[in-house]
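I have placed the structure first, in the form of structure tokens, so that the comments after it can refer back to it.
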Amino acid sequence: MRRAYGARVHAMNVVQTDVILDGVVYTLASAGDPKVVRDAIESAVATEGTFVDITVEGNATVSILVTSHSRVQIVTRTVTTDAGDIVLTFPEIGEAEML
């Protein structure tokens, strides 16, 4: 016999930022600061070409070459977490993340 626990699923809103460079989308890690990335890109555009390091989802660092010819967009939006990011609250033990 299985024991049922009174788990509640909490939908959470998170801010997600995408850097789109020449049509390639890089989603910043949740700790990434869009202002810092924007400032680094603006500085790189003033040169003949400079690599800008950004930390993307999964905490991987990506070096992107930015030149005065690069097309860059930075999109920030609020999204609701999906089933893979749901946080469950168990009355007896607190919170647990499902990955």
Side-chain angles (χ1 to χ4, degrees):
M1 176 186 287
R2 288 186 163 176
R3 182 175 174 183
Y5 291 95
R8 294 177 303 203
V9 177
H10 300 283
M12 296 184 342
N13 291 329
V14 294
V15 175
Q16 179 177 318
T17 302
D18 293 332
V19 175
I20 306 165
L21 175 71
D22 295 327
V24 179
V25 178
Y26 302 93
T27 301
L28 294 184
S30 59
D33 185 347
K35 174 90 170 89
V36 171
V37 172
R38 180 179 172 166
D39 291 346
I41 290 171
E42 286 176 347
S43 295
V45 167
T47 69
E48 290 185 24
T50 301
F51 280 96
V52 174
D53 293 335
I54 60 174
T55 304
V56 297
E57 285 185 325
N59 291 322
T61 300
V62 177
S63 297
I64 55 175
L65 181 61
V66 179
T67 70
S68 60
H69 301 287
S70 299
R71 296 181 56 152
V72 180
Q73 293 176 301
I74 299 175
V75 180
T76 301
R77 65 184 165 282
T78 301
V79 296
T80 302
T81 55
D82 64 12
D85 297 326
I86 291 175
V87 175
L88 298 177
T89 300
F90 296 92
E92 297 88 19
I93 59 174
E95 292 187 352
E97 290 187 31
M98 294 181 65
L99 301 175

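Remember, it's a predicted structure, so these values are computed and weren't measured experimentally. Values below: every heavy atom of this structure, side chains too, minus hydrogens, waters and symmetry copies.
Val14 is listed as a side-chain neighbour of Val79, based on a closest heavy-atom distance under 4.5 Å. Residues Val19 and Ile41 have side chains in contact (heavy-atom distance under 4.5 Å, counting atoms from C-beta outward). In this structure, Ser43 and Thr50 have side chains that are not in contact, with every pair of non-hydrogen atoms separated by 4.5 Å or more. Taking the side chain as every heavy atom from C-beta outward, Val52 and Ile64 approach each other to under 4.5 Å.
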Inset, instruction - Determine, step by step, whether Asp39 and Glu42 satisfy the side-chain contact (heavy atoms from CB on, under 4.5 Å) criterion, reporting the C-alpha distance in whole Å, the side-chain angles of both residues, the deciding distance to 0.1 Å, and the verdict. - result: CA-CA 5 Å; Asp39 291 346; Glu42 286 176 347; 4.0 Å; yes
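Residues Val62 and Val37 fall within the same hydrophobic cluster, defined by Ile, Leu, Val, Met, Phe, Trp and Tyr side chains chained together at heavy-atom separations under 4.5 Å. Under the 4.5 Å side-chain heavy-atom criterion for Ile, Leu, Val, Met, Phe, Trp and Tyr, Val75 and Val25 are members of the same hydrophobic cluster. Grouping the Ile, Leu, Val, Met, Phe, Trp and Tyr side chains by contacts below 4.5 angstrom, directly or via other members, places Leu65 apart from Val24.
Legend: salt bridge (charged side-chain N to carboxylate O under 4.0 Å, His left out) pairs involving residues 64-80, not counting sequence neighbours, sorted by first then second residue: Asp18-Arg77.
Distance check: Asn59 CG to Thr61 OG1 gives 8.0 Å after rounding to the nearest 0.5 Å. Here the straight-line distance linking atom OG1 of Thr27 with atom CD1 of Ile54 works out to 9.0 Å at 0.5 Å rounding.
Judged by distance alone, the side chain of Thr67 and the main-chain N or O of His69 form a donor-acceptor pair under 3.5 Å.
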